[in-house]
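Heads up: the structure comes next, in C-alpha cells.
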Amino acid sequence: MENRDYILVECELEPLEKLVSDLEPNFEIKLAKAPSICMTMIKAEDSVEHQPFFLGEAITTECQILVNKQIGYGICLGDEPVRSYCIAFIDAVLQLDGEETHEIEAFIDEHSTLINASRKMEYNQILKTKVDFKIMEQE
C-alpha cells in the first residue's frame, strides 16, 4: 500500500519505534539483512515527452527481517537504520494478517491525520507568501 509506506516514512520516529517495540515480543524475529546504507537511483518522468529518466542517486537505508518466517522489507531515504527496521517489521507483520494488524492500521490512520494536518498548515503558510499582482498594479 503506497499510502502506508508514505506514512511510515513521514511519521515521527519515536512513536513508530514504540509501536514496533511493543509488538516485537509477540513474534519470532530474525534479521535477514541488517540495516545498511546504499545508493539508489531516483527515477523520474519527463513532463513533456513522458519519457522515464534517472534524476540522480540518493542515499537510502534498507533492511530485511523475518517475522515468524515471513519476510519484511524496509527502505527509506537517508541514514535511518531504526526507521528501515521498523518499516521492515511492519511489512512482515501485515503480511501475516494477525490481530496485530488492527493496531498497526490504527497507528497508520492516526499518523495519516497528523501528517495531513501538518501538510495543510504548511500549504496555508505558503499561500500567505503568494503575491497578488492585480493588487500591485492598482497601487
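Index from 1, following the sequence.
Nearest heavy-atom pair, Gly98 versus Thr101, reported as atom, atom and distance to 0.1 Å: O-OG1, 2.7 Å. The minimum heavy-atom distance linking Glu45 with Phe53 is given by the pair C-CE2, 3.7 Å. In plain terms, the two heavy atoms of Leu31 and Cys63 that are nearest each other are CD1-SG, 4.1 Å. When all heavy atoms are compared, the tightest approach of Ile87 to Gly74 is CG2-CA, 3.7 Å. When all heavy atoms of Ser21 and Pro25 are compared, the closest pair comes out as O-CD, 3.3 Å. Among all heavy-atom pairs drawn from Ile115 and Glu10, the shortest one is CD1-CB, 3.7 Å.
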Residues Ile59, Leu77; criterion side chain to side chain contact (heavy atoms under 4.5 Å, CB included); working and verdict
CA-CA 6 Å; Ile59 293 175; Leu77 279 174; over 6 Å; no
Can you list the steps and then say if Lys43 with Leu55 is a side chain to side chain contact (heavy atoms under 4.5 Å, CB included)?
CA-CA 6 Å; Lys43 193 173 188 178; Leu55 187 60; over 6 Å; no
Step-by-step side chain to side chain contact (heavy atoms under 4.5 Å, CB included) determination, Val67 to Glu28
CA-CA 6 Å; Val67 177; Glu28 176 190 332; over 6 Å; no
Candidate pair Glu100 and Asp22, rule side chain to side chain contact (heavy atoms under 4.5 Å, CB included), full reasoning:
CA-CA 10 Å; Glu100 291 82 2; Asp22 289 347; over 6 Å; no
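In this structure, Asp46 contributes its side chain and Gln51 its backbone to no donor-acceptor pair below 3.5 Å. The backbone N or O of Cys76 lies less than 3.5 Å from no partner atom in the side chain of Arg83, so there is not a single donor-acceptor pair. Remark: side-chain polar atoms of Glu103 are not paired, donor with acceptor, to backbone N or O of Glu99 under 3.5 angstrom.
Taking a 6.0 Å sphere around CE of Met41, one finds it holds more than 12 heavy atoms contributed by other residues, nucleotides or ligands. More than 12 non-hydrogen atoms from other residues, nucleotides or ligands lie less than 6.0 angstrom from CG of Leu13.
Hydrophobic clustering (ILVMFWY, side-chain heavy atoms < 4.5 Å, transitive): Ile108 and Leu114 are in distinct clusters. Hydrophobic clustering, with ILVMFWY side chains joined whenever heavy atoms are under 4.5 angstrom apart, groups Leu96 together with Leu23. With hydrophobic clusters built from ILVMFWY side chains whose heavy atoms lie under 4.5 angstrom apart, Val82 does not share a cluster with Ile37. If you chain together hydrophobic residues whose side chains sit under 4.5 Å apart, Leu66 and Phe27 never meet in one group. Following chains of ILVMFWY side-chain contacts shorter than 4.5 Å, one cannot reach Leu8 starting from Ile75, and the two form parts of different hydrophobic clusters.
To the nearest 0.5 Å, atom CD1 of residue Ile65 and atom CD1 of residue Ile71 are 9.5 Å apart. The CD atom of Glu122 sits 11.0 Å away from the CG atom of Leu127 when rounded to the nearest 0.5 Å. Put simply, CD1 on Ile90 and CD on Glu105 are 9.5 Å apart, with the number rounded to the nearest 0.5 Å. Once rounded to the nearest 0.5 Å, the distance linking CG of Leu19 with CD of Glu110 reads 10.0 Å.
Under a 4.0 Å N-O distance rule, the pair Lys18/Glu12 does not qualify as a salt bridge.
Between Phe107 and His111, the angle of the ring planes lies from 30° to 60°, which puts this pair in the tilted group.
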